[in-house]
Amino acid sequence: MIGMRVTVGSASYRSMLHLQSASSRLAELQDKLSSGQQIMKPSDDPSGTVRALALRGDLKRSTQYAANADDAIGWMSTADTAYKQAVNLLQNARTLVVQGLNTGANDAAASTALANQVDALRGSLLGVANTTYNGRPVFGGTTAGTVAYDPNGNYVGDDGSITRAVGANNTVTINQTGPQAFGAPGSDVFSLLDIIANTLRVNPSGLGSALGQLDTAISTVTGAQATEGATYQRVQAASTALTTDNTNLKTELSQVQDADAAELAIEVATANTTYQASLQVTANISQLSLMDFLK
Amino acid sequence: MSSTFGQVNQAMSGLNAARYQLEITAQNIANAATPGYVRESVQLQSVDDPVLGLWSGRGEIGGVRAAGVSRQNDPVIDARARMEHGLDALASGNANNLSAIEQLFPEPSDNGLAEQLNDFWNAWASVANDPGSSSGSTAARTVLLQKASAVTTHFNSLSASLQSVADTTDQSLASTVQNVNSDASQLAALNARIVATTATGADANGLLDQRDRLLDDLASRIGAVPTLKNDGTVDVDLGGVALVSGTTAATMSVDSSYNVSIDGAAVTLASGSAAADLQTLTTDIPAYQAQLDSVAFTLATQVNDAQAAGYDLDGNAGGPMFAGTTAATIGVAITDPAQIAASGTPGGNLDGSNAASISQFGSASSGADAAYSVLVGNIGAASALAQQKQSTQDAITTSVDALRSSVSGVSYDEEVSNMVTYQQAFQASSRVLTTIDSMLDTLINHTGMVGMT
């Protein structure tokens, strides 16, 4: 026998194997191209799948950190507005105290009017101290209640801190409690304004020390505001970093998981040509037979 | 010196031989596509010592006779083809079963368990941001409970799907065992018929083809090894335990713990589709099920421990969030959103520190996410390896099949070319007969007729 006999079966086994492998390669590539995914199932690239899962987790967390940062910024912006209003109100009170000092005991009616204005300021300040964000008093710590101060100016919040995770291992405290911003209970701005109003009514000339105490209160508030501002900067920086992280993670994930359309398109074209060629060759070979040449 | 009419017999035997050869050629062409058909050819023998017949005598040259029809197969190649088919059935069975398992884990995607775990952890972060209040909304907490329930439902359905792959594989194994037993009893019956047929001197080739087809089937299913005997019968054994012995067939069975035995004797399957199913049932699925259970257990334990370390909206220490310790049984144990222990301090406050720390569990290297990702990686790697093995084995099997077909298969060109040869042999023998006839005519009708006109 010269070489291998070619029989109906042996020829068809081979051409079937080649046809099958060419068509399944084509189908696989088309699948990838149409889905845009390099990894259609874990076995396509087991280590790539594990990497993609880790990156997707990172990406999800990074998205959540960004949401946390946005929430922190919302909280702190609300607090910042409250600080500005509080400083304004306290400076107004200081002006009233200066007027009261100038008026002195000469004009009781004027002093009483000033005292009423101080009371009004105290009321506004109480409103500012009860500023809420998302239904929670921003100066109330972690209280479940709706206000940080009751109408009498007593602190009803707690000393809990509100934190936001704005990155892996980057947790910031975004709140200042009422006592931290407005002074310790008993010596806070509300009792100070109470005392000032009383003094204006009773003995305007006794206001001497009030001016100094008000200045201290204003500096406490601005100090808390500055702390909040520093945290704000930190969250802003974290937020910017998160945007960069997010982009990097997406790029990395895309490299692991997504198909390169241009490259795939070329591969699909090649696979298509190969498949057509195998079909053509199979069809041509099968047509030829000795019978064609016998009369 | 031969008799006057001896040459008629010679020419006649040539005509008969050519006709018989054409008959077998026709048989070959007709069965070119019949699975398991082995090409046949006529064994011709010249007759030097003719049988005595009409007009024939001693010392004559007797022509040709067909000594028999032989099957053109090579037992060595047949055995090799069976072995490779057994391995091929094992490789493709493994690849198919693993691919069925792999389809249950559509990762990486937005629908897999990994993404639902991510969503679950992020929901904890949302609760940390907005723990709600006793009077106000508990939207974030409600969302968290929904995400928890999505995770547990996914675990339950993954576990059930793994079980259903096991059930399907179990059915496939049972049907394989049935087929094996049916093949075995058919073989035993064929052995009896082959002996009976050959004893009468008849052609048993058709029976041998059937026998070989059954042997191929047994090789693919359980990798059984046949022992061919001189009388055309075959014994089949599996690791030394007889499945078919002469005209007796044993019964193969698989018990509920997947121990295989033949008439009570334990056997180990190393090849064939049954071996693939057994591996899936005894190794792959239990291993993946255990890993999945461990992922569910890790999740439940870590979250429940963390819950216990925190305080709920009413200020009480948190109770377990998850009930159940396996993928099949895990469920959400709490229904009241207020019972989520978001706070790190007692007193019913709106602290979210415990929730914030739980939200970081997803990135822990000892957490459920990492364990799940290892599981997916394992399945992917096993499936990729099985596919690789299958494609290698496919190529080997195909080339052995081609080799086998090249020896035993039918080639049209060859048959047609033979056909032309036989046709011409027939014509030549006819010509010999015509010539003898004309010679006899001369002898009988024209000899001694000179001048008689």
Side-chain angles (χ1 to χ4, degrees), chain A residues 4-14 16-17 20-21 37 39 41-50 52-61 63-65 67-68 71-72 134-136 140-146 158 160-165 168 171 253 256-257 289-291 294, chain B residues 32-33 98-99 102-103 105-108 114-115 118-119 121-122 125-126 128-130 133-137 313 343 345 347-353 356 359-360 362-363 369 373-374 376-377 379-381 383-384 387 394-395 398 401-403 405-407 409-414 416-417 420:
Chain A
M4 206 166 148
R5 284 178 71 237
V6 176
T7 64
V8 178
S10 72
S12 83
Y13 281 131
R14 277 151 205 273
M16 276 314 284
L17 181 71
Q20 291 277 8
S21 75
Q37 296 230 313
I39 305 176
K41 51 186 189 308
S43 61
D44 287 344
D45 181 359
S47 62
T49 304
V50 172
L53 285 182
L55 285 170
R56 290 176 78 99
D58 288 346
L59 194 58
K60 272 274 177 175
R61 275 188 288 281
T63 312
Q64 184 61 44
Y65 289 144
N68 295 352
D71 186 70
N134 202 9
R136 300 176 65 180
T142 57
T143 180
T146 50
D158 59 21
S161 37
I162 309 288
T163 57
R164 292 287 179 266
T171 300
L253 182 60
V256 174
Q257 178 182 286
S289 153
L290 183 57
M291 286 176 272
L294 288 174
Chain B
L98 280 169
S99 148
E102 185 185 9
Q103 278 167 13
F105 298 87
E107 304 285 3
E115 198 69 358
N118 287 336
D119 286 343
W121 301 126
N122 277 1
S126 298
N129 290 350
D130 184 14
S133 65
S134 44
S135 56
S137 108
L313 208 47
S343 172
T345 52
N349 53 37
L350 294 188
D351 178 45
S353 58
S359 76
Q360 301 292 315
S363 58
D369 297 62
S373 141
V374 168
V376 171
I379 292 174
S383 174
Q387 286 168 31
D394 271 355
T398 304
D401 276 347
L403 185 63
S405 163
S406 146
V407 173
V410 175
S411 157
Y412 287 130
D413 293 348
E414 194 179 72
V416 170
S417 138
V420 173

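Within every chain, numbering begins at 1; the chains are lettered A, B, ... in the order of the sequence lines, protein sequences first and strands thereafter. Only this structure's heavy atoms are used, side chains among them; waters, hydrogens and symmetry mates stay out. Quick caveat: nothing in here was measured; it's all calculated off a predicted structure.
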Quick one: are Gln64(A) and Ser359(B) in side-chain contact, heavy atoms under 4.5 Å? no
Closest heavy-atom pair, Arg5(A) versus Ser406(B), reported as atoms and distance to 0.1 Å, is NH1-O, 2.7 Å
Do side-chain atoms of Thr142(A) reach the backbone of Asn349(B) as a donor and acceptor pair under 3.5 angstrom? no
Under 4.5 Å from a heavy atom of chain A, the part of Pro106(B) involved: neither
Which atoms of Leu98(B) approach chain A - backbone, side chain, both or neither, heavy atom under 4.5 Å: neither
So which part of Glu107(B) gets closer than 4.5 Å to some heavy atom of chain A, the side chain, the backbone, both or neither? both
Based on non-hydrogen pairs under 4.5 Å, which of Leu403(B), Val416(B), Asn129(B), Asn118(B) is most in contact with chain A? Asn129(B)
Measure distances from Thr345(B) to the heavy atoms of chain A and classify the residue's part below 4.5 Å as side chain, backbone, both or neither. neither
Using non-hydrogen atoms and a 4.5 Å limit, figure out which bit of Asp369(B) sits close to chain A: side chain, backbone, both or neither. neither
Heavy-atom side-chain contact between Leu290(A) and Ser417(B) under 4.5 Å: yes
Looking only at non-hydrogen atoms, find the nearest pair between Ser43(A) and Gln387(B) and report the distance. OG-NE2, 3.2 Å
Contact class of Ser126(B) relative to chain A, heavy atoms under 4.5 angstrom: both
Please classify the contact of Val374(B) with chain A as side chain, backbone, both or neither, using a heavy-atom distance under 4.5 Å. neither
Comparing Ile379(B), Val420(B), Asp394(B), Asp119(B) against chain A, the one with the most heavy-atom pairs below 4.5 Å turns out to be Asp119(B)
Who pairs with Thr49(A) by side chain to side chain donor-acceptor pair (under 3.5 Å), at least two apart in sequence or on another chain? none
How many angstroms lie between CE in Met291(A) and CG in Asp413(B), if you round to the nearest 0.5 Å? 7.0 Å
Do you know which of Asn134(A), Asn68(A), Asp158(A), Thr163(A) has the most heavy-atom pairs under 4.5 Å to chain B? Asn68(A)
Asp71(A) versus chain B, heavy atoms under 4.5 Å apart: side chain, backbone, both or neither? side chain
Is it the backbone or the side chain of Gln360(B) that comes under 4.5 Å from a heavy atom of chain A, or both, or neither? side chain
I'd like to know which of Lys41(A), Arg56(A), Gln20(A) tops the heavy-atom pair count under 4.5 Å against chain B. Arg56(A)
Toward chain B, the part of Thr171(A) with a non-hydrogen atom under 4.5 Å: neither
So, using side-chain contact (heavy atoms from CB on, under 4.5 Å) as the criterion, who are the partners of Thr143(A) when residues are at least two apart? Pro137(A)
Side chain from CB out, backbone as N, CA, C, O: work out which of these in Ala356(B) comes under 4.5 Å of a heavy atom of chain A, or both, or neither. neither
So which part of Gln37(A) gets closer than 4.5 Å to some heavy atom of chain B, the side chain, the backbone, both or neither? side chain
Go through Gly362(B), Gly377(B), Ser363(B) and name the one with the most non-hydrogen pairs under 4.5 angstrom from chain A. Ser363(B)
Can you tell me which of Ile162(A), Leu17(A), Leu55(A), Val256(A) forms the most heavy-atom pairs within a distance under 4.5 Å of chain B? Leu17(A)
